[in-house]
2 protein chains.
Amino acid sequence: MEAVMATMQDVARLANVSLSTVSYALSETRPVTAATKARIEAAMSELGYHRNAAARSLASHRSHVLALIFPAMQQGLGGTVTEFVASAADTARQSGYQLVLWPFGATQSREIRDLAQQGQADGVLLMEVRLDDPRVEALRKAGVPFTMIGRTARVDDLSYVDIDFTRTTEDAVAYLTDLGHERIAFLNHSQASREEGYGPTVRAHDGYTAAMRRRGLVPHAILCDESPGAGRTAMSELLAGDPDLTAVITMNEIATFGVTVELQSRDLQIPRDVSVLAIVTSPGVGAMSHPPLTTMHAPGAALGRLGVQSLLALLQVGETPSTDPVLLPCPLEPGGSTGPVPPERRR
Amino acid sequence: MEAVMATMQDVARLANVSLSTVSYALSETRPVTAATKARIEAAMSELGYHRNAAARSLASHRSHVLALIFPAMQQGLGGTVTEFVASAADTARQSGYQLVLWPFGATQSREIRDLAQQGQADGVLLMEVRLDDPRVEALRKAGVPFTMIGRTARVDDLSYVDIDFTRTTEDAVAYLTDLGHERIAFLNHSQASREEGYGPTVRAHDGYTAAMRRRGLVPHAILCDESPGAGRTAMSELLAGDPDLTAVITMNEIATFGVTVELQSRDLQIPRDVSVLAIVTSPGVGAMSHPPLTTMHAPGAALGRLGVQSLLALLQVGETPSTDPVLLPCPLEPGGSTGPVPPERRR
DNA sequence: TTGAAAGCGATACCAA
DNA sequence: TTGGTATCGCTTTCAA
């Protein structure tokens with residue numbers, strides 16, 4: 001271990017080239033002979049050389065830092081968020097960027113704007129985007145490139161990656177109708193989330209409703225707080241509304257626990273009597289129930305990776321989104337909670 | 001909004017002082033007359049001045065960045081981790097530091113060492129520390145100050161903040177014995193976690209066992225996978241082992257769902273027949289059950305704040321931990337799942 | 001209490 | 001294809 005860190009000048013000296021040649025060899029922004037490049041690389045590894053990040057930033061006017069605006073609150077089985085963050089950090093690192101955390105909620109667009117204007121980050125990843133989100137305006141005013149994870153109601157030409165709720169709910173309904181189901185209910189997130197303009201709640205509701213209507217089926221959706229207790233109650237209400245329902249799609253991880261409990265307590269077997277399909281879940285939740293749930297997983301890792309990639313693409317060209325917006329479906333993971341409609345209930 | 005960012009030189013000119021005086025006024029590292037300071041501040045706000053982070057780092061040899069080594073995997077109701085991360089990021093920011101994410105698992109000590117040696121961060125926060133963790137050695141070799149969240153088996157003079165499992169399990173047992181309970185079981189994390197050297201599993205087990213023995217009571221602990229199904233099974237086994245048990249302490253959020261289900265399915269009412277005390281939980285989980293659980297919350301936010309503060313203290317003095325190690329108990333949150341021993345079962 | 005100036009370690013322009 | 005060098009914006013030593 002060297003007592004003091006080697007500089008680019010040291011490398012140049014050892015490789016018998018000029019400082020600038022070393023710089024160009026490293027950045028590959030100017031042709032360098034294979035031979036000299038080899039000498040440089042040898043010198044670098046002999047000295048254990050690493051580019052000084054601060055000097056690079058100062059000279060190049062780029063921080064090589066991406067900021068992730070990280071929602072402070074939150075409860076839930078955070079599997080998806082964790083996956084997302086880890087994947088984003090990893091992708092950034094592999095691309096030569098650091099991912100820093102800016103812990104700001106939807107109300108702190110002022111702070112966001114300040115930090116962004118200081119040029120602390122080359123680009124920003126905005127999580128938990130609301131349908132009408134003030135932070136979007138703040139970032140635009142600050143003039144910092146950013147990519148949304150999720151999306152506002154109007155996306156204009158903003159860069160974003162999001163779950164494709166239309167496709168996911170359509171796939172869910174299709175999967176169940178293929179099994180013969182027609183009376184399919186939908187258990188959504190909470191009323192509160194809807195009122196806050198939480199995109200998934202609104203988009204999944206619309207997607208489910210459209211998918212049902214398209215097939216001439218009657219949608220039956222319910223909003224539900226995030227607790228097993230609320231899930232039990234909601235399941236009761238759904239059964240009260242339609243005692244003959246044969247399937248329920250849930251998009252509420254915690255409440256789903258209550259759904260299965262309520263069905264069991266009524267001696268309705270899963271999936272013999274009622275099929276349960278949990279959508280937009282995180283890995284592992286399916287295995288937490290008996291029988292293991294059939295699920296459609298939120299692609300947390302993919303969102304993280306693609307979010308960073310979209311943002312980096314933005315930085316390259318500087319202007320309008322160079323990558324198309326990304327919408328990912330939730331892939332189906334077969335489980336034991338869905339099955340064909342019981343013959344006696346078929347009509 | 002200024003087209004180009006103001007520099008310190010601009011501020012100096014406008015305030016009629018030298019560049020260095022501005023610098024000293026900002027860092028408060030040399031006396032500056034109130035009058036001149038006022039002029040400087042006026043100039044700064046007029047220009048909307050912000051210190052350039054890269055230039056500062058280059059000249060001062062400090063990055064003003066703290067790295068958080070972030071475990072890639074993980075499932076669980078991540079409430080505590082999320083709280084921790086948000087709190088750490090916030091505390092860092094308020095202290096003039098950025099928090100960056102280094103997504104490395106316990107097996108990637110090599111990568112950690114490389115990054116650390118490049119001086120990318122002034123200090124490191126190490127999460128999810130194992131009892132015998134190779135990353136600790138890597139960080140020591142890299143010569144970067146670091147604070148552990150959790151702790152190795154031997155802490156020597158390392159800096160750390162952790163949950164006080166001894167105190168928490170003691171408090172849990174005391175709370176239940178005060179209610180008259182004597183037959184108190186403990187449902188722990190998984191066998192796998194124990195074998196991986198996961199500190200909480202080991203320390204809570206020991207703490208519970210000691211607390212029981214100290215009172216002349218017989219400990220009855222069981223390891224349990226993280227799923228409601230495993231929780232049901234484990235609860236069954238506990239009841240098979242001691243049909244007369246009147247209370248169970250759980251430290252396994254997901255499994256606890258199964259515990260309550262199993263008790264209900266046996267017509268054992270909570271808390272009339274059996275008390276359930278969930279320890280080291282995250283906010284919100286208590287409310288997810290019926291009745292709402294009595295819990296002892298993991299102090300996620302406090303750990304984040306204190307972890308950063310300990311690390312910053314380390315940076316100040318440079319050498320051995322200047323702050324004492326921090327051990328935090330989990331405060332009790334009263335709920336509806338614990339009560340006195342039923343009279344007929346008292347002996 | 002204040003000022004002048006020498007770095008910090010890269011990038012990127014201008015020449016050769 | 002390579003070299004020389006001005007420059008980025010700040011910290012900090014040395015003088016006044």
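Model, not experiment: these values are computed from the prediction.
- In this structure, of D:dT11, D:dG9, D:dT2, it is D:dG9 that holds the atom nearest to the side chain of B:T7.
- Here B:T36 lies in heavy-atom contact (under 4.0 Å) with sugar-phosphate atoms only.
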Evaluation steps, side chain to side chain contact (heavy atoms under 4.5 Å, CB included), between B:L101 and A:V100 = CA-CA 6 Å; B:L101 251 31; A:V100 317; over 6 Å; no
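- Taking atom CD1 of residue B:I40 and atom P of nucleotide D:dC10, one finds them 13 Å apart after rounding to whole Å.
- To the nearest angstrom, P of D:dT11 lies 7 Å from CG of B:L26.
- Checking B:Q94 against B:D90 by side-chain atom types alone, a donor-acceptor pair falls below 3.5 Å.
- Nearest-nucleotide assignment on DNA chain C puts the 5′-proximal partner with B:T33, out of B:T33 and B:S60.
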Candidate pair B:S20 and B:S23, rule side-chain hydrogen bond (donor to acceptor under 3.5 Å, both in side chains), full reasoning = CA-CA 5 Å; B:S20 55; B:S23 178; over 6 Å; no
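- In this structure, A:T147 and A:L314 have side chains that are in contact, with non-hydrogen atoms separated by less than 4.5 Å.
- The closest side-chain donor-acceptor pair between A:Q120 and A:W102, if any, does not fall under 3.5 angstrom.
- Residues A:V129 and A:Y160 are not in side-chain contact: their nearest non-hydrogen atoms beyond the backbone lie 4.5 Å or more apart.
- B:E28 has its CD atom 13 Å from the P atom of D:dT11, to the nearest Å.
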Would you tabulate the nitrogen or oxygen pairs shorter than 3.5 Å linking the protein to nucleotides 13-16 of chain D?
{"unit_1": "D:dT13", "atom_1": "O4", "unit_2": "B:Y24", "atom_2": "OH", "d": "3.0"}

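- Computed from C1' positions of five pairs at each end, the angle between the two local axes of the helix from C:dT1-D:dA16 to C:dA16-D:dT1 equals 30°, rounded to 10 degrees.
- Taking the 5' to 3' direction, DNA chain C first and last meets chain B under 4.0 angstrom from a heavy atom at C:dT1 to C:dG9.
- Whole-Å rounding puts the A:M8 CE to D:dT5 C1' distance at 15 Å.
- Comparing A:V32 and B:L58 along DNA chain D, the residue whose closest nucleotide (by nearest heavy atom) sits nearer the 5' end is A:V32.
- Across every non-hydrogen atom of A:A43 and A:A15, the tightest pair is CB-CB, 4.0 Å.
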Which is it for B:E28 and B:K37 under the salt bridge (Lys or Arg N to Asp or Glu O under 4.0 Å) test, yes or no, and what are the steps along the way?
-> CA-CA 10 Å; B:E28 302 191 308; B:K37 191 163 189 173; 3.1 Å; yes
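- Here A:S18 does not reach the OP1 or OP2 of D:dT2: none of its side-chain N or O atoms lies under 4.0 Å away.
- The structure places CG of A:L19 at 6.5 Å from CE of A:M8, a figure rounded to the nearest 0.5 Å.
- With rounding to whole Å, B:H64 atom NE2 is found 13 Å from D:dC10 atom P.
- One finds no side-chain N or O of B:S27 lying less than 4.0 angstrom from the OP1 or OP2 phosphate oxygen of D:dT11.
- For the pair B:H50 NE2 and D:dC10 P, the interatomic distance rounds to 12 Å; values are reported in whole Å.
- Of the inter-residue distances, the one linking A:S18 atom OG with A:R13 atom CZ reads 12.5 Å to the nearest 0.5 angstrom.
- Comparing atom distances between the A:P31 side chain and each of D:dG4, D:dT1, D:dC10 picks out D:dT1 as nearest.
- Residue A:Q9 contributes atom CD, which lies 11 Å from atom P of D:dG3 at whole-angstrom precision.
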Output, in order, the C-alpha distance, side-chain angles, deciding distance and verdict of salt bridge (Lys or Arg N to Asp or Glu O under 4.0 Å) for A:R154 and A:D156.
-> CA-CA 6 Å; A:R154 295 192 53 208; A:D156 298 324; 2.7 Å; yes
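- In this structure, the separation between CG on A:D133 and CG on A:L126 is 5.5 Å, given to the nearest 0.5 Å.
- To the nearest angstrom, C1' of D:dG9 lies 11 Å from CZ of B:R51.
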